[in-house]
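Inspection log for the structure reproduced underneath, given as structure tokens.
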Amino acid sequence: MLIVVKLIFNISLESSKTHSISVILQKNNNIMLQIQFIRENKEFVIERLKIKNFDATDIVANIIDIDSKRREAQIKSDELLAKLNQLSKEIGDLFKSGKQTEANTLKEQVAQLKAEAKIFADSQEQYEHEQQQLIVLLPNLPHSSVPIGKTAEDNKVVFSEGDASNLPSDALPHWELTTKYRLIDFELGSKITGAGFPVYTGKGARLQRALINFFLDEAIAHGYIEVQPPYMVNEASAYATGQLPDKEGQMYHATLDNLYLIPTAEVPVTNIYRDVILKEEDLPLKNCAYSACFRREAGSYGKDVRGLNRLHQFDKVEIVQINTQEESYKTLEEMKEYVASILRKLELPFHILRLCGGDISFTSALTYDLEVYSKAQQRWLEVSSVSNFETFQSNRLKLRYKDATGKTKLAHTLNGSALALPRIVAALLENNQTPDGIRIPKVLVPYTGFDMITL
RNA sequence: GGAGAGAUGGCCGAGUGGUCGAAGGCGCGCGCCUGGAAAGUGCGUAAGCUCCAAAAGGGCUUCAUGGGUUCGAAUCCCAUUUUCUCCGCCA
């Protein structure tokens with residue numbers, strides 16, 4: 001079956017290269033679907049956000065207050081505009097029947113009304129703007145199954161598989177293996193660009209390419225349609241998936257053209273569906289994409305960033321799905337299982353965490369992290385994060401679908417890494433080291449063209 | 001980068017100041033016709049906000065985006081974005 005999706009790139013940013021986020025918010029003034037929910041479920045919103053350790057009491061109260069002012073202003077402005085429209089018609093009729101004088105009298109009246117209407121229209125716009133500014137401060141509501149907790153310590157292990165206990169105690173960490181086998185040159189990357197931009201060489205480079213192809217082929221075999229997105233996005237896209245305004249400092253910003261380097265392919269791929277109304281029968285929509293990812297990771301330091309653990313530029317294959325509100329959690333489970341199946345094929349020991357309220361992201365309703373165990377580092381490495389955003393992104397994207405009854409609803413968006421390369425590479429190198437070299441898992445051999453990395 | 005021409009609903013396409021949220025066609029939905037289908041035929045078919053307890057129904061906004069002229073703008077003016085054609089440059 002071929003799914004044809006109409007892509008509407010209705011990017012309407014004005015010329016100025018210096019405009020702020022708030023300008024966009026103003027333009028997208030019909031992102032207000034969410035306000036009804038907040039208005040009608042005030043207490044519920046506040047309660048749920050406590051799970052994310054977020055006190056929304058003041059913001060919500062403020063939003064609702066502004067909302068009633070906004071609506072008041074709209075009622076007034078609408079009334080006046082309606083009157084204006086009617087008078088304009090009358091003037092037209094009067095001119096046609098030659099009644100110039102009467103028409104001119106009406107014109108004066110209209111001028112008066114117009115000035116009055118403008119006042120209300122302006123304040124309506126102002127309120128809308130203020131309200132939007134506040135609404136974007138609210139994180140997504142966590143799903144009811146999100147565990148209570150403050151830090152990563154409180155995440156719940158929901159699944160565990162594989163055994164990493166058979167490594168010798170003198171196993172080397174990957175940053176030593178990559179040097180020993182000349183797979184990655186971190187210093188060379190520093191010379192060319194800076195820390196966190198490694199140069200992959202020889203079999204190291206070939207391993208990268210092999211993994212990317214393996215991940216893409218797997219995804220395609222599971223029904224995902226591959227796309228190759230741009231690596232830079234505009235402000236509207238970054239906003240729609242929630243990178244802006246929340247994580248502005250995380251992205252590299254090309255200021256001259258006001259474009260952002262993507263921190264993940266999720267951003268451009270999800271934005272394919274910005275301003276789109278799908279049909280229910282088109283769902284679920286499944287895309288996969290390889291991209292380089294760029295993250296400033298401001299504030300990171302120490303052993304967490306050693307070697308491949310945290311990079312400014314890395315490779316990742318991302319999977320994205322769009323589904324109905326009813327089906328999205330089934331989809332989330334399916335995606336989680338899919339990522340687990342890849343880890344299994346790579347013969348890596350892993351476990352799956354359900355993130356607690358304190359650790360789950362701003363935009364997500366429910367997230368599973370998949371972590372691979374590295375004996376050499378004696379720690380778990382996060383290699384994938386699979387999330388259901390429910391309507392949080394689609395609300396900003398204006399991504400909707402018509403259900404069977406013809407009603408237009410917000411779609412649910414989901415995505416996950418499948419997978420992020422650096423930590424997979426780290427785990428593969430560390431866990432597969434033998435006295436004779438590093439063993440390549442069977443599934444990868446057709447892709448790499450070699451089954452051992454030797455000196 | 002230079003010159004020119006465009007941007008209208010799910011799609012194609014008409015529309016140069018009021019009667020235009022927008023002709024006509026395609027597509028889609030419902031019905032009629034048919035033993036069933038095709039053809040034919042009739043009706044319907046944008047989104048957001050808002051009023052109303054809700055439905056029905058009303059109001060406002062939207063013809064790339066923003067601003068301007070006008071009593072009144074899809075239509076006129078300005079800026080921007082973007083598409084196409086030609087030239088230049090280039091992997």
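Because the structure is predicted, anything quoted here is derived from the model rather than measured. Lettering follows sequence order; numbering is per chain, from 1.
- Between A/R39 and A/Q86, it is A/R39 whose nearest contact on RNA chain B lies nearer the 5' terminus.
- In this structure, the nucleotide among B/C71, B/U61, B/A46 sitting nearest to the side chain of A/I91 is B/C71.
- When each of B/A47, B/C71, B/U50 is scored by its nearest atom to the side-chain atoms of A/K114, the top-ranked nucleotide is B/C71.
- Side-chain proximity of A/A82 to B/G18, B/U61, B/G59: nearest is B/G59.
- Taking atom C1' on both B/A46 and B/G21, the two are 8 Å apart, rounded to the nearest angstrom.
- Map A/Q124 and A/A111 each onto its nearest nucleotide of RNA chain B; the residue landing nearer the 5' end is A/Q124.
- As rounded to whole Å, 9 Å separates atom C1' of B/U19 from atom CG of A/D93.
- On the P atoms, B/G2 is 15 Å away from B/G88, given to the nearest whole Å.
- Counting to the nearest Å, the P atom of B/U50 and the CZ atom of A/F120 are 18 Å from each other.
- Counting any heavy atom pair closer than 4.0 Å across all strands shown, A/S77 reaches no nucleic acid atom.
- Under 3.5 Å, the side chains of A/Y368 and A/E333 contain a donor-acceptor pair of N or O atoms.
- Atom-to-atom, CZ of A/F95 to P of B/U70 comes out at 13 Å; the value is rounded to the nearest Å.
- Comparing atom distances between the A/T408 side chain and each of B/A47, B/G72, B/U50 picks out B/A47 as nearest.
- Listed pair A/R400 / B/A47 fails the phosphate criterion, with no side-chain N or O lying under 4.0 Å from OP1 or OP2.
- Contact between the side-chain N/O atoms of A/Q36 and the OP1/OP2 oxygens of B/U50 is found at a separation under 4.0 Å.
- Under the 30°/60° scheme for interplanar angles, the aromatic rings of A/Y338 and A/Y224 are found to be tilted.
- To the nearest angstrom, P of B/A47 lies 15 Å from OH of A/Y401.
- Listed nucleotides: B/U61, B/C49, B/C71. Nearest to the side chain of A/L81: B/U61.
- Heavy atoms of A/K83 sit nowhere under 4.0 angstrom from any nucleic acid atom.
- Taking atom C1' in both B/A74 and B/U16, one finds a spacing of 10 Å when rounded to whole Å.
- Summarising the base pairing, B/G29 is matched to B/C43 through a Watson-Crick or G-U wobble pair whose two defining distances lie under 3.5 Å.
- Checked against B/C49, B/C60, B/C71, the side chain of A/K107 finds its nearest nucleotide in B/C71.
- Annotation: A/Q228, atom CD; neighbour count of heavy atoms from other residues, nucleotides and ligands within 6.0 Å does not exceed 12.
- A/N104 comes within contact range of no nucleotide atom at all, as no heavy-atom separation falls under 4.0 Å.
- Distance check on atom P: B/A22 versus B/G44 gives 13 Å, rounded to whole Å.
- In this structure, the CD atom of A/E128 is 11 Å from the C1' atom of B/U50, given to the nearest Å.
- Nucleotide B/A5 is matched to B/U83 when pairs are restricted to Watson-Crick or G-U wobble geometry with both distances under 3.5 angstrom.
- B/G27 and B/C12 are spaced 15 Å apart, taking the P atom of each and rounding to whole Å.
- The base-pairing partner of B/A14, taking Watson-Crick or G-U wobble contacts with both distances under 3.5 Å, does not exist among the strands shown.
- Judged by distance alone with a 3.5 Å cut-off, a donor-acceptor contact links the side chain of A/Q74 to the base of B/C49.
- Protein atom CD of A/Q109 is 14 Å distant from nucleotide atom P of B/C71, rounded to whole Å.
- Spacing between atom CG of A/D67 and atom P of B/C49 amounts to 11 Å, rounded to whole angstrom units.
- For the 3.5 Å distance criterion, the side chains of A/E235 and A/Q243 fail to qualify, holding no donor opposite an acceptor.
- Both the sub-6.0 Å distance and the 45° axial angle are satisfied by A/K203 relative to the ring of A/F450.
- Remark: P of B/C49 and CD of A/Q126 are 20 Å apart, rounded to the nearest angstrom.
- Residues A/H412 and A/Y329 keep their aromatic ring centres 6.0 Å or farther apart.
- In this structure the side chain of A/I424 reaches within 4.5 angstrom of the side chain of A/L343, judged on heavy atoms.
- As judged by a 4.0 angstrom heavy-atom cut-off over every strand, A/I75 is placed among residues touching the sugar-phosphate backbone only.
- Listed nucleotides B/G59, B/C51, B/U61 differ in distance to A/N85; the shortest reach to its side chain belongs to B/U61.
- Across all strands shown, nothing is found opposite B/A37 as a Watson-Crick or G-U wobble partner with both distances under 3.5 Å.
- Cation-pi geometry between A/R295 and A/F314 is not satisfied (NZ or CZ under 6.0 Å from the ring centre, within 45° of the ring normal).
- Taking a pair to require two hydrogen-bonding distances under 3.5 Å in either a Watson-Crick or a G-U wobble arrangement, B/C60 pairs with B/G48.
- Put simply, A/K402 has a side-chain N or O that comes within less than 4.0 Å of OP1 or OP2 on B/A47.
- Counting non-hydrogen atoms under 4.0 angstrom, A/L87 reaches nothing in the nucleic acid.
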